[in-house]
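Predicted model only: the values in this text are computed from it and were never measured. Just follow the structure's listing: the first ligand is 1, and inside any ligand the first atom is 1.
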Amino acid sequence: MTELAIAKNIAKLENRIRIASQNCGRDPATVSLLAVSKTKPVAAIREAATAGHRAFGENYLQEALEKMDALADLPLCWHFIGPLQSNKTRPVAERFDWVHSVDRLKIARRLSEQRPAALPPLNLCLQVNISGEQSKAGIELAALPALAVEVAALPRVALRGLMAIPAPCDDPDAQREPFARLREALNKLQIDIPGLDTLSMGMSGDLEAAIAEGATLVRIGTDIFGPR
Ligand SMILES: *Cc1c(COP(=O)(O)O)cnc(C)c1O
């Protein structure tokens, strides 16, 4: 992808987000774009940053750390969105601003213990297995409230909301169902837990449905950086 193509793709997505927000009576400023840069080179991220973009999502720790080092001159915001093993939490706690893929207490505890005191609390989303798929990461909805209460009490992390990757579906109406379930789950948690303001849901093929159901952050890779 050329620099122009990446800048153009980001502008197109910002436009899609604006139209989707307006179509459901939402302020487009309440929906942010996370550029998912996994497997893409440092140069591509630099190009997106030159176009004014700041927030990037990465799935693979070693790859992410190398890119962060190479881009340390830029004021970027890094989101970890991939599966996280408990023996790999320290660099995530030390280097990232957000983690979207927390689905068990052990991981959240370690991130809290390992978050350096000089940094603000690490922002977390709990990943929910919203379509109930056997092979998928994420906590089941029934177990979510208990986990959320425990994570919210940890001192060095800030529980911000929920993340989900629904089972793929091409029908725009049917796409909304799992997103609505995630929104309802967040609304219930908000009764008892302060500070929950994030619904990380929606990707290239379903961001309109996600925004209609309240997404505050959409995660887009392919439509910005091209196919992997
Ligand atoms: C890869 C990835 C994305 C982006 O997917 P695209 O299909 O490339 O837009 C979003 N969220 C998560 C959790 C991912 O792993």
**OP:** Under 4.0 Å, heavy atoms only, figure out whether ligand 1 is touched by the backbone of Lys38, its side chain, both or neither.
**Re:** side chain
**OP:** May I ask you to identify, for Asn59, whether its side chain, its backbone, both or neither come under 4.0 Å of ligand 1 on a heavy-atom basis?
**Re:** side chain
Subject >> Donor on one side chain, acceptor on other, Asn187 and Glu184, under 3.5 Å >> reply: no
Original post:
Do Arg156 and Ser112 get their side chains close enough for a donor-acceptor pair, meaning under 3.5 Å?
Top reply: no
**OP:** Considering only NZ, NE, NH1 and NH2 on the basic side and carboxylate oxygens on the acidic side, decide whether Asp206 and Arg176 come within less than 4.0 Å.
**Re:** no
Subject >> Nearest option to atom 4 (C) of ligand 1, as decided by whichever heavy atom of Gly221, Gly226, Pro227 sits closest >> reply: Gly221
**OP:** Say whether Asp223 and ligand 1 are in contact under the criterion: heavy-atom distance to a ligand atom below 4.0 Å.
**Re:** no
Original post:
Of all the non-hydrogen atoms in the protein, which one sits nearest to atom 5 (O) of ligand 1, and at what distance?
Top reply: Met203 CE, 3.5 Å
**OP:** Give the numbers and elements of all ligand 1 atoms closer than 4.0 Å to a heavy atom of Ile165.
**Re:** 13 (C)
**OP:** Tell me yes or no: between the side chains of Asn129 and Glu140, is some donor less than 3.5 Å from an acceptor?
**Re:** yes
Subject >> Electrostatic pair Glu58-Lys38, nearest N-O below 4.0 angstrom >> reply: no
**OP:** Please round to the nearest 0.5 Å and tell me the distance separating atom OG of Ser32 and atom NE2 of His53.
**Re:** 8.0 Å
**OP:** Go through ligand 1 atom by atom and flag the ones less than 4.0 Å from a non-hydrogen atom of Ser204.
**Re:** 9 (O)
Original post:
Are Asp69 and Arg95 within salt-bridge range, i.e. N to O under 4.0 Å?
Top reply: yes
**OP:** Please determine if Glu14 and Arg18 form a salt bridge, counting it only when a charged side-chain N lies under 4.0 Å from a carboxylate O.
**Re:** no
Original post:
Under 4.0 Å from any heavy atom of Ile81, which atoms of ligand 1 are there?
Top reply: 11 (N), 12 (C), 13 (C), 14 (C)
Original post:
Near Arg219, which atoms of ligand 1 are under 4.0 Å from a heavy atom of that residue?
Top reply: 4 (C), 10 (C), 11 (N), 12 (C), 13 (C)
**OP:** With heavy atoms of Thr222 as the reference, note each atom of ligand 1 found under 4.0 Å away.
**Re:** 6 (P), 7 (O), 8 (O), 9 (O)
Original post:
Going by heavy atoms, is Arg228 under 4.0 Å from ligand 1?
Top reply: yes
